[in-house]
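Structure record follows, encoded as structure tokens.
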2 protein chains.
Amino acid sequence: MGKRQYGQFCGLVRAVELVGERWALLIVRDLLVSPKRYTDLKRGLPRIPTNVLSTRLKELEAAGIVERRLLPRPDGSVVYELTEYGADLEDVVLALGRWGARSLGDPRPDEIVTPDSMVIALRSAFRAGAAATESDVRFELRLGDVVVHAHVAAGVLTAGVGAAPEAEPDLVIESGPAIRAVLAGEVDAGTALDEGLVAVTGPKELLAVFTRLFRL
Amino acid sequence: MGKRQYGQFCGLVRAVELVGERWALLIVRDLLVSPKRYTDLKRGLPRIPTNVLSTRLKELEAAGIVERRLLPRPDGSVVYELTEYGADLEDVVLALGRWGARSLGDPRPDEIVTPDSMVIALRSAFRAGAAATESDVRFELRLGDVVVHAHVAAGVLTAGVGAAPEAEPDLVIESGPAIRAVLAGEVDAGTALDEGLVAVTGPKELLAVFTRLFRL
DNA sequence: CTGGATCCCTCACGATACTG
DNA sequence: CAGTATCGTGAGGGATCCAG
């Protein structure tokens with residue numbers, strides 16, 4: 001296993017040997033959001049062949065990046081989660097995501113948005129500096145049937161899949177692929193509302209707060 | 001070209017579509033050190049098939065990551081260099097290199113060290129915080145016939161291939177693969193000297209400075 | 001010599017069907 | 001639900017060859 005070697009004694013080489021294979025980093029992306037079962041991973045990566053998913057999980061486990069854990073009875077199901085070493089890829093994934101976002105352009109005809117990718121996008125875009133002056137605010141972001149939430153408090157972001165837990169969001173933002181332009185700072189909050197790129201439920205001013213907190 | 005798509009509208013997906021193919025990030029690594037000709041790249045990546053190198057360069061050029069430039073006569077040769085967008089991968093490459101270095105272990109039988117990978121390793125390991133208190137110091141690092149230099153001044157690192165330019169190094173460090181353990185902080189400067197893991201020419205105290213400035 | 005192009009072979013990947 | 005089995009395709013590996 002791992003026959004695809006590059007023949008160099010170098011940290012970057014080792015990294016691409018471990019997570020450079022096709023689909024590997026996307027599996028890590030989804031596991032950064034939350035531990036998942038095989039089927040959840042498959043749903044989040046609809047185009048991955050099942051044998052490739054299976055192979056990658058074994059490779060990532062052998063590399064100490066992913067752990068396979070059995071859930072307590074009665075379901076006795078399997079969950080995959082990142083080890084501490086695997087979770088240390090978060091900075092890399094966020095940085096790569098920011099860099100790649102600059103080439104995003106418009107969605108291709110067959111491209112989808114998944115909840116996990118949207119959570120990672122929010123984490124990528126989060127600006128801790130701007131958040132330091134912000135007290136406590138909850139957003140819910142809806143793109144089609146993809147719903148994610150973000151809670152900023154004490155300069156720290158908590159983002160996850162689904163509606164905001166524990167408390168009602170201060171602002172609900174509904175949008176589409178145009179959210180990319182908003183996050184990229186290509187249109188400001190007012191313009192986005194005026195042109196119908198986004199619709200909000202809640203105090204409109206909070207959309208400007210959102211664009212200040214999240215910027216790709 | 002670029003038919004290998006993942007079907008998701010996501011920054012990370014776009015990033016791996018652009019630089020996730022085999023060898024791509026290693027080409028970027030070497031170009032981060034300096035612009036290079038085709039043959040230089042080939043020498044720095046001895047195991048890359050020439051058709052793959054050629055294909056990658058075209059893909060990277062099409063993606064706006066690499067630029068092809070013709071040198072002035074009389075040699076009229078071609079140089080590949082990173083665009084600004086491509087150079088923005090430096091943080092990602094250094095972070096990935098740091099992460100992967102933790103899985104380095106010992107060199108495999110057929111693994112080599114190249115000058116460019118060593119320069120990137122030094123940049124990965126550089127701790128700007130520790131350097132802020134350091135005035136001005138030049139190192140030359142020799143591993144077999146691989147020679148690189150590092151100059152730290154005003155908290156800024158300048159590292160490149162070959163002997164230190166402009167001035168004699170304050171300390172010449174000769175070592176082998178054991179340099180990894182030193183950079184990882186697994187052995188301190190004194191022990192490394194005592195056990196013969198490294199040999200120096202110059203004031204021995206400067207080796208402790210080196211281990212403070214560079215830590216993986 | 002540089003900067004590739006071409007050939008062949010293998011294996012990883014992609015797609016789909018199937019199973020405990 | 002959580003994978004394994006099967007099979008076709010094409011990218012990558014390796015050697016060689018060629019034009020400027």
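Below, chains carry the letters A, B, ... as their sequence lines are ordered, and counting in each starts from 1.
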**OP:** Work out which heavy atom in A:V119 is nearest to a heavy atom in A:A159; give both atom names and the distance.
**Re:** CG1-O, 3.8 Å
Original post:
Residues in side chain to side chain contact (heavy atoms under 4.5 Å, CB included) with B:A184, at least two apart?
Top reply: B:R180, B:E186
Subject >> Pairs where residues 152-178 of chain A contributes a residue and the test side-chain hydrogen bond (donor to acceptor under 3.5 Å, both in side chains) is met, not counting sequence neighbours >> reply: none
Original post:
Earliest and latest nucleotide of DNA chain C, 5' to 3', sitting under 4.0 Å from a non-hydrogen atom of chain A?
Top reply: C:dA12 to C:dA17
Subject >> Side chain to side chain, A:Q5 and A:V13, heavy atoms closer than 4.5 Å >> reply: no
Original post:
Can you list the residues that meet the side chain to side chain donor-acceptor pair (under 3.5 Å) rule with B:S34, with sequence neighbours excluded?
Top reply: B:K36
Subject >> Secondary-structure notation, DNA chain D, from Watson-Crick and G-U pairs under 3.5 angstrom (| other strand) >> reply: .|||||||||||||||||||
Original post:
Among all residues two or more places apart in sequence or in another chain, which pass the salt bridge (Lys or Arg N to Asp or Glu O under 4.0 Å) test with B:R98?
Top reply: none
Please tabulate, one pair per line, each protein N/O and nucleotide N/O from nucleotides 8-11 of chain D that are separated by under 3.5 Å, including the distance.
from: D:dA11; atom 1: O4'; to: B:R4; atom 2: NH1; distance (Å): 3.4

Subject >> Sequence-distant partners of B:E61, side chain to side chain contact (heavy atoms under 4.5 Å, CB included), two or more places apart >> reply: B:R68
Original post:
So, for B:L213 and B:A131, which heavy atoms are closest and what is the spacing to 0.1 Å?
Top reply: CD2-CA, 3.5 Å
Identify all side-chain donor-acceptor contacts of residues 143-153 of chain A below 3.5 Å with residues at least two apart in sequence or on another chain.
from: A:H151; atom 1: NE2; to: A:D136; atom 2: OD1; distance (Å): 3.1

Subject >> For B:T39, all residues meeting side chain to side chain donor-acceptor pair (under 3.5 Å), sequence neighbours excluded >> reply: none
Output a table of nitrogen or oxygen pairs between the protein and nucleotides 2-6 of chain D separated by less than 3.5 Å.
from: D:dA2; atom 1: OP1; to: A:S77; atom 2: OG; distance (Å): 2.4
from: D:dA2; atom 1: OP2; to: A:T39; atom 2: N; distance (Å): 3.4
from: D:dA2; atom 1: OP2; to: A:T39; atom 2: OG1; distance (Å): 2.7
from: D:dG3; atom 1: OP1; to: A:R68; atom 2: NH2; distance (Å): 2.5
from: D:dG3; atom 1: OP2; to: A:Y80; atom 2: OH; distance (Å): 2.5
from: D:dT4; atom 1: OP1; to: A:K58; atom 2: NZ; distance (Å): 3.3
from: D:dT4; atom 1: OP2; to: A:S54; atom 2: OG; distance (Å): 2.6
from: D:dT4; atom 1: OP2; to: A:K58; atom 2: NZ; distance (Å): 3.2
from: D:dT4; atom 1: O4; to: A:T50; atom 2: OG1; distance (Å): 2.6
from: D:dT6; atom 1: O4; to: A:N51; atom 2: ND2; distance (Å): 3.4

**OP:** Mind checking side chain to side chain donor-acceptor pair (under 3.5 Å) for B:N51 and listing every partner two or more places apart, or none if nothing turns up?
**Re:** none
**OP:** Please say which of B:L82, B:L71, B:V79, B:D40 ends up in a side-chain contact (heavy atoms from CB on, under 4.5 Å) with B:P35.
**Re:** B:V79
